[in-house]
Amino acid sequence: MSAPEKLPELFGSLVFNEDTMRQRLSSASYAAWKRCITEGTSLDLSIANEIAEAMKQWATEKGCTHFTHWFQPMTGVTAEKHDAFIAPDGRGKIMMEFSGKELVRGESDASSFPSGGLRATFEARGYTAWDPTAFAFIKDTTLCIPTVFCSYSGQALDKKTPLLRSMDEVSRQAVRILRLFGDTETRRVTAQVGPEQEYFLIDRKDYMKREDLRLTGRTAGRPLLRRHPSPGGGVHEGPGHRALEAGRPLQD
């Protein structure tokens, strides 16, 4: 099979996306998940357990040994709390486990992250909660589960919680306007913003000549010397393949 023919199979291969869920979940659980993300309904623990089991089987088939609740605290970078799928079986061996409770909620040491002055360090208690609207994905040998990060009393300790709340309000107002135009069926409107996906690769010798790149990691007003093609003449496969596996098309 040639490289172009492999692209559809490669695209999103490391993402537990909707198509994968449709294949691995029962019709009832899949429908419950769809209602959760479109109508905001809650998931029963039995449904969460089935999703967690399917997610674990999919991830371990691809070589994963750990899972993490992946979140964006107010530090400018992402954070992760890693746990293993393994659990002792009581007979000196281990078994692979991942429950709906572990999928839905985690507890992180919130004293390690900024809180905006919401509480004293010794009172720190932070919780991560699964965001079912964002697909889990694999990085190296870890299943990354997108989550929000909040305090015991519900204050946002991350950048994603305010975003999701804003999206809910945008949806509510958009549906209200649609009702004025006679649309009686739409129940939710989702706003989507795509990041700029262009990237540049230059030879190391050219990079060393650019003081702006060496000091800031970015260009400062002058064009880059080489764009996209690798020194060998082909498209650089490392970032491109990883982006495709993560379900991110690289287009100008």
Asks: So which atom in P132 and which in I37 form the shortest heavy-atom distance, rounded to 0.1 Å?
Replies: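 Heavy-atom minimum between the residues: O-CG2, 3.5 Å.
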Asks: Step by step, would you call R214 with D212 a salt bridge (Lys or Arg N to Asp or Glu O under 4.0 Å)?
Replies: CA-CA 6 Å; R214 289 189 289 105; D212 55 342; over 6 Å; no
Asks: Write down the atom of V15, the atom of T20, and the distance for their closest heavy-atom approach.
Replies: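 Looking at all heavy atoms of both residues, the shortest contact is O-OG1, 3.9 Å.
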Asks: What's the verdict on side chain to side chain contact (heavy atoms under 4.5 Å, CB included) for I51 and L25, showing C-alpha distance, side-chain angles and the deciding distance?
Replies: CA-CA 7 Å; I51 295 175; L25 297 178; 4.0 Å; yes
Asks: Inspect the contact between E61 and R24 and indicate whether a charged nitrogen and a carboxylate oxygen are less than 4.0 angstrom apart.
Replies: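 Salt bridge present between R24 and E61.
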Asks: With distance as the sole test, does D203 use its side chain to make a donor-acceptor pair with the main-chain N or O of K205 at under 3.5 Å?
Replies: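 The answer is no, because no donor-acceptor pair under 3.5 Å joins these two groups.
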Asks: Hey, does D131 have a side-chain heavy atom less than 4.5 Å from the side chain of L164?
Replies: yes
Asks: Heavy atoms only: give me the nearest L45-G100 pair and the separation to one decimal.
Replies: CD1-C, 4.4 Å
Asks: Give, for atom CZ of R210 and atom OG1 of T216, the distance between the pair rounded to the nearest 0.5 Å.
Replies: 9.0 Å
Asks: Spell out, yes or no, whether M55 and M96 are grouped together once hydrophobic residues are joined by side-chain heavy atoms under 4.5 Å, including indirect joins.
Replies: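 Cluster IDs for M55 and M96 match.
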Asks: Quick one: CG on L178 to CG on D183, what's the gap to the nearest 0.5 Å?
Replies: 5.0 Å
Asks: Ion pair present between R204 and D206, side-chain N to carboxylate O less than 4.0 angstrom?
Replies: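 Between D206 and R204 there is no salt bridge, as every charged N stays at least 4.0 Å from the carboxylate O atoms.
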Asks: Kindly work out whether a path of hydrophobic side-chain contacts (I/L/V/M/F/W/Y, heavy atoms less than 4.5 Å apart) joins V189 to M167.
Replies: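 Shared cluster, no.
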Asks: Within a 6.0 Å radius of atom CZ on R91, are there more than 12 heavy atoms belonging to other residues, nucleotides or ligands?
Replies: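 Counting neighbours around CZ of R91, 12 or fewer heavy atoms of other residues, nucleotides or ligands fall under 6.0 Å, so no.
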Asks: For a side chain to side chain contact (heavy atoms under 4.5 Å, CB included) check, start with the C-alpha distance between T142 and H82, then their side-chain angles and the critical distance, and finish with the verdict.
Replies: CA-CA 8 Å; T142 301; H82 289 242; 3.6 Å; yes
Asks: Let me confirm one number: the OG1-NZ distance from T78 to K160, rounded to the nearest 0.5 Å.
Replies: 12.0 Å
Asks: Could you grab the distance from atom CZ of R187 to atom OG of S171, nearest 0.5 Å is fine?
Replies: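 Separation between the atoms: 11.0 Å.
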Asks: With the side chain counted from C-beta on, respond yes when I138 and C64 share a heavy-atom pair under 4.5 Å apart, and no when they do not.
Replies: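 When only atoms from C-beta onward are counted, C64 and I138 do touch, with a gap below 4.5 Å.
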Asks: Assert yes or no for the condition that the ring centre distance of F98 to F67 is strictly below 6.0 Å.
Replies: yes
Asks: What's the separation between atom CG in L43 and atom SG in C36, rounded to the nearest 0.5 Å?
Replies: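 Here the interatomic distance stands at 4.0 Å.
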Asks: Determine whether a donor-acceptor pair (N or O, by modelled atom type, separation under 3.5 Å) exists between the side chain of D44 and the backbone of S46.
Replies: no
Asks: For K139, look at atom NZ and say whether over 12 heavy atoms of other residues, nucleotides or ligands are found less than 6.0 Å away.
Replies: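 Atom NZ in K139 is not crowded, with 12 or fewer foreign heavy atoms closer than 6.0 Å.
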Asks: Shared ILVMFWY cluster between L163 and V148, side chains joined below 4.5 angstrom?
Replies: yes
Asks: Once side-chain hydrogen bond (donor to acceptor under 3.5 Å, both in side chains) is applied, what residue pairs with a partner in residues 26-36 remain, sequence neighbours excluded?
Replies: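 Sorted result for residues 26-36: E18-Y30, E18-K34, R22-Y30, S26-S29, S26-E50, S29-E50.
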Asks: Indicate whether the side chain of N49 and that of E53 have a donor and an acceptor atom separated by less than 3.5 Å.
Replies: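 Side chains of N49 and E53: no pair found under 3.5 Å.
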Asks: Any chance you could lay out the side chain to side chain contact (heavy atoms under 4.5 Å, CB included) test for L103 and I145, step after step, and finish with the verdict?
Replies: CA-CA 8 Å; L103 167 66; I145 303 167; 4.0 Å; yes
Asks: Please identify each residue that fulfils ring pair (Phe, Tyr, Trp, His ring centres under 6.0 Å) with W58, with sequence neighbours left out.
Replies: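 Once residues adjacent in sequence are excluded, the partners of W58 under the ring pair (Phe, Tyr, Trp, His ring centres under 6.0 Å) criterion are F16.
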Asks: Between L143 and H66, is any pair of side-chain heavy atoms under 4.5 Å apart?
Replies: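 Not touching, per the 4.5 Å side-chain cut-off.
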Asks: Looking only at heavy atoms, which two atoms of P146 and A136 are closest? And how far apart?
Replies: CD-CA, 3.7 Å
Asks: Closest heavy-atom contact between A48 and V104?
Replies: CB-CG2, 3.9 Å
Asks: If you take all heavy atoms of T41 and A32, which pair is closest and at what distance?
Replies: OG1-O, 4.4 Å
Asks: Check each of W70, Y127, W130, F71 against F149 using the ring pair (Phe, Tyr, Trp, His ring centres under 6.0 Å) test, and report the only one that passes.
Replies: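 Single ring pair (Phe, Tyr, Trp, His ring centres under 6.0 Å) partner of F149 among W70, Y127, W130, F71: F71.
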Asks: Using side-chain heavy atoms (C-beta onward) and a distance below 4.5 Å, is I202 in contact with L213?
Replies: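 Counting from C-beta outward, I202 and L213 do come under 4.5 Å.
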Asks: If you measure from OG1 on T60 to CZ on F85, what distance do you get to the nearest 0.5 Å?
Replies: 7.0 Å
Asks: Could you tell me whether the side chains of T147 and H69 share a donor-acceptor contact shorter than 3.5 Å?
Replies: no
Asks: Taking side-chain hydrogen bond (donor to acceptor under 3.5 Å, both in side chains) as the cut-off, I'd like each qualifying pair that reaches into residues 161-170, sequence neighbours left out, listed once.
Replies: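 Matches after skipping sequence neighbours: D158-T161, D168-R188, E169-R172, E169-Q173.
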Asks: Taking side chain as C-beta onward, heavy atoms only, is D83 less than 4.5 Å from E102?
Replies: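 No, side chains not in contact.
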